[in-house]
Each structure stands twice: as structure tokens, then as C-alpha cells.
Amino acid sequence: MAKMILTGNESAAWGARLSKPKVVAAYPITPQTSIIEKIAEFIANGEMDARYIRVESEHSAMAACIAAENTGVRTFTATSAHGLTLMHEMLIWASGARLPIVMSVVNRAMAPPWSVWTDQLDSVAQRDTGWMQIYSENNQEVLDSIIMAYRVGEKHNILLPTMIMEDAFILSHTAEAVDVPEQKLVDDFVGEFEPAFKLDPQDPGGFGSLIMPEGPYMEFRYKMALAMDEARKEIRKVTEEFAEVFGRKYPGLVEEYRTEDADAIMVVMGTIASTAKDVIDALREKGKKVGLARIRYFRPFPYEELREIVKKADMLGIVDRSYTFGYGAALYTETKGALYGHTDKPIKNYVVGLGGRDITPDVLVKIFDNMLKIAKDGVVDREIEWVGLHGDERWS
Amino acid sequence: MIEIRFHGRGGQGSVIASKILAKAFFMEGKYVSAFPYFGVERRGAPVTAFTRVDERPIRAKYQIYEPDYVIVLDPSLLKAVDVLKGLKKDGWVLINTIKTPEEIKKELNHDKIATVDATSIAIKHHLGSQAAPIVNTAILGAFSKVSGLVKIETVMNAIRESAPAKQEENALAAKDAYDATIMGGE
């Protein structure tokens, strides 16, 4: 393996290159563009043997991936924010057609007002599309997750697409040392794509035709639901297998950090978790017993792990970098839903960092202090709290 | 952890400099991260970039507010932006300028000022054009001198491996800047 200094977007391009998709179809959007630029460069240099299809929109990018994958070849694409939401219709088509497409998503805030900075609403809003969702903590995970996503998704008992998220700029444009695995190891690990079914002129058939209400539409959806549940086991297995081959151990669906004997545990997705680990170490030295549960997979949702994690602390603080208008952010409502009937411990929602507002250790210390107070009192002061709004003296 | 902030103008290669410096530290066995100010860049407009260096894996995923070093690639920025913002009191500010640290001290209220005429060095080595010389590699040689944290030979090797063209000229510019750096105010 060679260590290279790579940005998150370069890591994503390398993850794609090593996985050898035959077709890449994409449309540029900040801050994703440097992924597909790098891939275009790999293809132009002959370092990647893929057909690059330039399209007029993200909707078409996903449509092209769907069509290509339907012919039985591996595909890859990447997008952000408005590009992802424009794809929405085709995302549901891709999963419904049981095509294990892999896509990098650079989490960027939705306009208006215009913002190119990080915010997870774009991908959280795709929760119901039937895609698996991985939220990355560093550039190594961006690269490795792409390789693992193909292996999990292409299994014939799964056949579901995966999107792998990077926080905009914080990962996408930040360079770190990344182990770029040897091609041979990735070849052996991912293997050739063996479609369960494909369009074949020698064996004509059709996909996605009309099903009457009395037909098996529900059964198709039920099979998808089973496949997504089955994916939990495959993900845990594949992360073990990945560790054996590549020497890097990923924590399945959820990473726990210093949760033993914790009074309060923060639950969060993405790069906030990384900074939080330093904060936790510092607070632990001061005798404050705090820990972290980093949700890697938001879909399938790790409800079993969370039911064990909640036993380890007196409260959970759910930190969301997006908001679902009407009631609570998505990670909060999902977590509470998963824990209903399994705990009566206090759970609070912290809404933070929208539109790329920087999450510094100072902010996290204040959140942890608030969490510890709730753990001690046994009472949630505010069910849902927006952290650090301009002029809010609680957080200044 | 050592935190370094670069100030340049869009097109001068500040972001690339932050990455080459990270690579040099990485070659000496350090953990690194390098990133631009999270924004939308335009040619000629002020640009900020950062490098973090540590002995252990870097988990900090937020911007740098109190750098240990500030590197200014374009002297005209001294009037345009507050280059000293957040700089630690005992931290160095390294400026590409024909002026001496003593002269700069009249403009900047800071103790540790270092200067180097990276522009002339870049022109001498035919880096960029006479009108728009590329100083981002030369200034890294000066950083090696000022900080003492990374060897000039390592910086030159990182430049050779990273520069898309004129690898040797870029590396030699760094060496010249290393030798020509004036450190004042100690």
C-alpha cells in the first residue's frame, strides 16, 4: 500500500478507480466537482478503464447509471445538495430496480440562502429512497467505504445501492495521509460484478413494467425491506473481512468511543464525531464521563446497537447537522423511535452547524456540559435545542 | 499540534503550498492535514489555507483560529487583511517582501517577524512570469528556516514530488529562500 496525501474528494475518486466501475456518469456541482474531475483525469490518462458519460443534469446522471447497470456493469457517480435532490426520483428507481450503484455525496447545504458549506439535509432527505447511507469521519473511510459498499451492495441477497457521504470542505477539500490499497487486493476483495439479472439482446426481457394493485408490488417492496435488514449482517461481516485483507477495522454500523461507564453519550454522524473524540479525551481527564456513538450507517438504521448503547449512560444527546421541519431532526427522531419501549432515559436533540457553521471544541464542550447536567437531573431542559443561534446567550 | 495559516491571492498557489508543506512534514513521519479556507475562490482575491501537523493522528475537523505560524505570500495583503488575527503572541509571521523585519514592524504590531524576497527568487528561477511570479515553493524554504520544524532537504523533496513542472527550479527556489530569510525581533 502507498500512503498519499489526498483530499476527501481525491480519496473518493481513488475508491472509485480501485473498484473499477465500467461506467461513470456525472454532472459537476460544488463541492463535489473535484471527484469527477479526478475520475475524468484517470480515464483520460488510461489509468481507469471506464466509459465517462457527460450528461446535462444529475437526474440524467443517475438515469445513465441505472441504464448502464441494467446492462450488467458496475457504475459510479457523485453529487451534492441540489444535484442529489434533483436525482431523487431516479434514486428510488435505482433501488427499486435493485441496482447496487455506488455514489459519493458531498454533504452541502440546500438553498436558499445559497450556501456551498456542509449540512446533511441533502442526504438525510433521501432517507426513504431505499439507498444505504454511510457517513464518513475521515478521508481513509471515504475511500475504504466505496470498496466495501460495492462488496455489500452487489451480493445477490442485498442488491441495493449505497451513497457515501463526506462533509463539504471539512473532508472534501481537506488533504490527509490516506493509504491507497494495492489494486490486486481490491480486485480480489470486490471481484467482478456478477449481475443477478441484466438486459441481454440474446435473451430479451423487460424491467420495471406495470403491476396492478392485486399484483406483487407489495412483495417487491417487502423483498427490498428484507434485503435492507439483511444488509446489517452483511455490513458487519464485510467490515470484518475488510480488516483481514487491508488491516483497517471499521466498526460496522456504529462506532462507540469511550462509552463504558459514561454518564452521557453523544450520538452523531460525520466529522463532528472526529473533533468530539478529542473533546471527550479532554473532558475525561477532568473526570467528566462522556462518550460517543458515531452512526456510520444511517440506512440501514442501527437500532439494535443503539438499544445496547443507551444502557451504558444516563442520557443521550443526539447531535444533528440538519433539521426536519415540523418536529426534531432525523437522527433524533430515528433514535427515539428505535429506543421506544427500551428506555425511559432522557434524550435531547441538539441542532448544530447548519450551512457549514464551524463546530469547534468550545461548542462541543458546552453541549457535553449540558448533557451531563441532564444526566444528573434526569430531566431534559429543552427537548429540541438549536445551538449557537446569533444572540442566544445560552451558547455565547 | 502545530497550526500554520497561509495568506495569498487566488492563483498564487497558497492551497498547493499548504499541501506541499503537509507532504514535507508527512515525509518526516508526522501526521498532517491541509485545507483551504472553506469558501469559493476567485483569482486575485485574498485566499487563506491551512496546515496542521502533529505527532499523533489529527482528529480536529474545524478551522484554525489561533495559528502558531502565519505565512504571507503577497505583501499587498498586509493592507487588505488582518494577517495577525489570532496568531499566537510568540508565533512567527513570515512575509514575502523586499522589506526587512524592522521595516515591516512599522506596519505590523508583532514581535516575531521574518521576511524573504521570494518574488525575486521566483523570477530568478523563471517560476511563473515576470508579472506574476509563483512564489509558493520559495516561501516554503523560508518556512523551514524560520520554524526549524522541517528540514530544507525534505521541503525540497516534497516540492520535487509535488510540482507539476520545473521541479528542480522550484526546489532550488526553496533553498535560495531558506538562505535569504531574515529573522527579526527575537
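Throughout, a chain's letter reflects where its sequence line sits, starting with A, and its residues are numbered from 1. Since the structure is predicted, the reported quantities are computational estimates derived from the model, not experimental observations.
The environment of B:Lys151 atom NZ is sparse: at most 12 non-hydrogen atoms of other residues, nucleotides or ligands sit within 6.0 angstrom. More than 12 heavy-atom neighbours from other residues, nucleotides or ligands sit within 6.0 angstrom of NZ on B:Lys88. Atom CG of A:Leu389 sits in a crowded spot, with more than 12 heavy atoms from other residues, nucleotides or ligands closer than 6.0 Å. Dense packing is recorded around CD of B:Glu107, with more than 12 heavy atoms of other residues, nucleotides or ligands lying under 6.0 Å away. Atom CD1 of B:Ile64 has more than 12 neighbouring heavy atoms from other residues, nucleotides or ligands inside a 6.0 Å radius. For B:Lys166, the NZ atom counts as densely surrounded, since its 6.0 Å shell holds more than 12 non-hydrogen atoms of other residues, nucleotides or ligands. No more than 12 heavy atoms of other residues, nucleotides or ligands lie within 6.0 Å of CD in A:Glu285, so this atom counts as exposed by the packing criterion.
Counting all heavy atoms, side chain and backbone alike, B:Ser33 lies closest to A:Glu176 at CB-CG, 4.2 Å. Minimum heavy-atom separation, A:Asp358 to B:Gln63: OD2-N, 3.0 Å. Residue A:Thr275 comes nearest to B:Ala60 through the heavy atom pair OG1-C, 4.0 Å, listed as atom of the first residue, atom of the second, then distance.
Contacts between A:Ile272 and chain B at a heavy-atom distance below 4.5 Å are absent for every atom of the residue. Using a 4.5 Å cut-off between heavy atoms, A:Thr7 touches chain B through its side chain atoms alone. Using a 4.5 Å cut-off between heavy atoms, B:Tyr31 does not touch chain A at all.
Of the listed residues (A:Asp167, A:Thr271, A:Ile359, A:Thr360), just one forms a side-chain contact (heavy atoms from CB on, under 4.5 Å) with B:Lys61, and that residue is A:Thr271.
Separation of atoms NZ (B:Lys23) and NZ (A:Lys3) is listed at 12.5 Å; rounding is to 0.5 Å. Within the model, atoms OH of B:Tyr62 and OG of A:Ser274 stand 10.0 Å from one another, a figure rounded to the nearest 0.5 Å.
The most heavy-atom pairs under 4.5 Å with chain B, out of A:Asp278, A:Ile5, A:Asn139, come from A:Asp278.
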